[in-house]
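Working notes, structure below.
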Amino acid sequence: MPIPFTTQIINLLASVLLLIAFAMLSQRRILSLINLFAWQGLVLAVSTFVVAYSTAQHHLYYSAALTLLLKVLILPWLLHRLIRKLNVKWDVETLINIPATMLVGIALVIFAFNLAAPISQLSESITRGLIGIALASVLLSLLMMLTRRKAVPQVVGFLAMENGLFFAATSATHGMPLVVELGIALDVLVGTFIFGIFFFQLRETFDSLDITHMEKLRDD
Amino acid sequence: MIDMQLMALLLTPLLGGLLLALFGSRKWAAELNSLMSGGTFVASVALTVRVVESGPQVAFNEQFFIDQFNVFLVALTAFVAFTTSLFSRPYMRVEQDHGKLSTPRLHLYYSMYQMFTLSMLVALTTNNMGIIWVAMEAATLTTVLLVSLYRTPASLEAAWKYFILCGVGIALALFGTILLYFAAERVLGQGGTALLWTHLNQVKVDLEPTVLKLAFVFLLVGYGTKIGLVPLHSWLPDAHAEGPTPVSAVLSGLLLNVALCAVMRSKVLVDGSLGTHFAGNLMMGFGLLSVVVAALFLSRQKDIKRMFAYSSIEHMGLITFAFGMGGPVATFAGMLHMTMHSLTKSAIFFAVGHAAQKAGTQQMEDIRGMLQISPTVGWGLMLGTLAILGIPPFGVFASEFLLITTAMHDYPWTTPILLMALGIAFAAIFGKVQPIVFGETTASRLPHPPALIPVFTHLLLVLILGLYMPPYLANWYRQAAALLG
């Protein structure tokens with residue numbers, strides 16, 4: 001049986017999503033990181049649109065539009081504004097040992113595929129197997145949050161994780177009920193605002209956005 | 001009718017949040033905060049009476065679901081939120097007089113306090129597993145700026161940790177929810193009903209076990225971060241120690257319970273689908289680990305609020321363990337312990353807050369002789385400590401006794417571990433609180449009289465429930481335990 005064209009596109013977009021997650025993992029410049037995040041949002045919006053078209057699920061069109069608006073336009077714009085105001089636009093982060101991080105990332109992808117294998121077999125939707133990719137990009141974003149020492153890249157990692165989750169919701173299940181999706185979108189938006197407020201509080205108190213300043217609280 | 005009562009319950013804190021967002025910097029903001037919290041409590045009582053009388057029901061087109069289990073948490077949440085608002089009135093004024101807080105920060109505090117109550121109540125009453133997630137995340141978002149209210153380096157660090165860790169945790173819970181929907185969609189079909197708990201509960205035996213197993217692991221890890229289960233607990237002591245005391249009281253007494261409620265809802269579905277005790281076993285494991293690790297950490301604490309935060313981890317571990325065991329008696333014990341812990345722990349935080357204000361520090365070595373400067377605060381702290389350590393005749397003793405005898409019957413090997421952990425906790429906490437209460441004082445008087453009514457109301461309730469459980473309450477809890485199975 002030939003694979004339908006739309007399925008091929010969705011598979012292609014899924015691999016692009018994973019590729020961008022790897023690119024984010026190794027990106028040193030904050031500005032490029034935000035641009036990568038916007039690209040990931042765009043891939044997500046297009047794939048949601050394709051799923052909506054191929055399954056004739058009308059509410060997914062709204063999801064795609066919402067993703068486009070929130071993750072390609074509003075959030076990157078907010079982040080750009082923030083880094084301009086905080087004057088960290090050209091900041092370069094020293095990442096230790098990118099090759100090792102990449103290897104850990106590959107191991108995570110294999111782990112995610114293994115974990116999702118029994119579920120993928122159950123999937124009757126046109127997009128079977130994508131849940132593994134979604135889980136892999138969630139775990140890669142988690143890895144990114146762990147390896148970063150600056151506040152802004154950590155937050156970008158957090159938002160990228162949310163992208164992976166959203167991809168799982170659209171690819172594996174054809175989207176959650178709209179009311180839930182709206183709630184999630186609202187939480188993400190409010191969360192980003194609060195992160196923004198935080199950046200300024202951090203800067204005021206520590207004179208930098210380096211979170212190594214914040215390792216004082218521990219039990220001893 | 002139920003629609004109206006539910007609406008009153010949810011609209012009161014919403015209205016409160018809006019009003020306080022407008023008028024939060026007025027002189028009477030604290031009174032308005034208490035008034036709205038009081039209104040929420042009255043609404044919760046009306047709802048409780050109705051649900052206990054006529055059993056589980058759905059409202060608003062099945063979007064909300066109230067049974068004896070969650071209405072118990074609704075009543076508890078509204079009550080503690082009300083008494084905490086009474087406590088915070090003089091407490092926050094003293095903080096303001098000490099120059100630690102400005103009026104704009106108090107403004108933020110009051111409006112967020114109401115929104116936090118609202119998000120907890122939505123998380124408790126919603127029937128939609130997706131909305132539970134949204135409301136839990138909203139509860140984090142509303143409290144994160146409250147943890148950093150003092151804007152000290154330590155409080156910022158605590159709030160950042162809280163935000164990032166709970167954010168990651170809650171993201172994993174979302175993945176669990178997506179998996180749950182994935183399994184449900186195959187049975188219930190596309191659309192809005194596939195995430196409604198009442199529908200899921202009816203078809204739970206048909207849900208795909210392999211998917212639900214994985215979903216539960218994600219849900220437990222995700223919401224477990226919020227409950228403060230070891231090893232996901234590291235945000236909890238920081239947030240409790242560095243945030244203002246009323247926030248510590250509601251985080252410890254309420255938010256942890258709400259997260260546990262979400263886990264319980266998932267457990268009922270997963271164990272129903274698997275037909276095994278998989279979810280229960282996982283919860284027992286995490287619970288036991290939390291009890292032991294928290295007890296070991298207690299003796300190393302120097303900050304008084306931090307120590308009681310670890311005590312919260314220990315007790316949430318006990319409750320998770322009890323719910324994990326399952327069965328009517330263990331679940332009953334878990335619910336009873338939840339009630340006792342919330343009441344006692346918030347009373348302790350009230351007393352600790354005043355004690356720390358008088359001493360001007362949270363370091364336990366520097367707080368001495370509370371009885372000399374203020375006998376009521378001193379006795380409040382002492383009695384609260386005795387209550388939380390499970391000394392009879394306080395209610396914590398009754399619930400712990402019930403819990404441990406059930407464990408002895410069903411899982412005998414856990415009993416020595418539990419008893420040892422409780423013993424260690426007793427030695428650690430009592431040894432540290434004793435010189436704080438007795439001994440020579442260095443503390444000073446406060447510009448506003450402390451709020452003692454909430455402290456002693458809570459302790460009195462715990463005492464009464466330890467001595468005599470009214471049949472109405474016993475019957476209610478038994479019905480709830482039967483629902484959870």
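To find a chain, count down the sequence lines: A is the first, B the second, and so on, and within it residues start at 1. Fair warning: this is a prediction, and the values are worked out from it, not measured in the lab.
- Heavy-atom neighbours of A/Tyr62 OH from other residues, nucleotides or ligands within 6.0 Å: at or below the threshold of 12.
- Contacts between B/Ala159 and chain A at a heavy-atom distance below 4.5 Å involve backbone atoms as well as side-chain atoms.
- The shortest heavy-atom contact between A/Thr205 and B/Pro153 is CG2-CG, 3.7 Å.
- Both the backbone and the side chain of B/Leu156 have a heavy atom closer than 4.5 Å to some heavy atom of chain A.
- Ranked by non-hydrogen atom pairs under 4.5 Å with chain A, the options B/Val134, B/Asp303, B/Thr152 are led by B/Val134.
- Within a 6.0 Å radius of OH in A/Tyr61, other residues, nucleotides and ligands contribute more than 12 heavy atoms.
- Looking only at heavy-atom pairs under 4.5 Å with chain A, the residue among B/Val168, B/Leu172, B/Ile164, B/Ile131 that has the most is B/Val168.
- Only the side chain of A/Leu142 comes within contact range of chain B, judged by heavy atoms closer than 4.5 Å.
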Worksheet item: Going through the distances and angles, do A/Ile131 and B/Leu179 end up as a side chain to side chain contact (heavy atoms under 4.5 Å, CB included)?
Response: CA-CA 9 Å; A/Ile131 201 153; B/Leu179 288 178; 3.6 Å; yes
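- Counting heavy-atom pairs closer than 4.5 Å to chain A, the top-ranked of the candidates B/Glu242, B/Glu137, B/Met129, B/Arg151 is B/Arg151.
- Between chain A and the options B/Thr210, B/Leu174, B/Val211, the largest number of non-hydrogen pairs under 4.5 Å is found for B/Leu174.
- Both the backbone and the side chain of B/Leu141 have a heavy atom closer than 4.5 Å to some heavy atom of chain A.
- Using the six-membered ring where Trp is involved, B/Phe163 and A/Phe195 have ring planes that are parallel, under 30° apart on the 30 and 60° scheme.
- Both the backbone and the side chain of B/Ala158 come within contact range of chain A, judged by heavy atoms closer than 4.5 Å.
- In terms of heavy-atom pairs under 4.5 angstrom with chain B, the leader among A/Val138, A/Leu178, A/Leu115 is A/Leu115.
- Listed here is the closest heavy atom pair of A/Leu165 and B/Ala171: CD1-O, 3.4 Å.
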### Task
Apply side chain to side chain contact (heavy atoms under 4.5 Å, CB included) to the pair B/Trp133 and A/Val180, showing each step before the final yes or no.
CA-CA 9 Å; B/Trp133 185 89; A/Val180 178; over 6 Å; no
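- How far CG of A/Leu202 is from CH2 of B/Trp160: 6.0 Å, rounded to the nearest 0.5 Å.
- If you measure heavy-atom distances from A/Phe166 to chain B, you find no contacts under 4.5 Å at all.
- Between chain B and the residues A/Glu162, A/Glu181, A/Glu204, A/Gln201, the largest count of heavy-atom pairs under 4.5 Å involves A/Gln201.
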* Run the numbers on B/Val144 and A/Phe198 for side chain to side chain contact (heavy atoms under 4.5 Å, CB included), then give the verdict. => CA-CA 10 Å; B/Val144 70; A/Phe198 244 118; 3.6 Å; yes
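- Residues of residues 143-158 of chain A lying under 4.5 angstrom from chain B, judged on non-hydrogen atoms, are A/Met145, A/Ala151, A/Gln154, A/Val155, A/Phe158 in numerical order.
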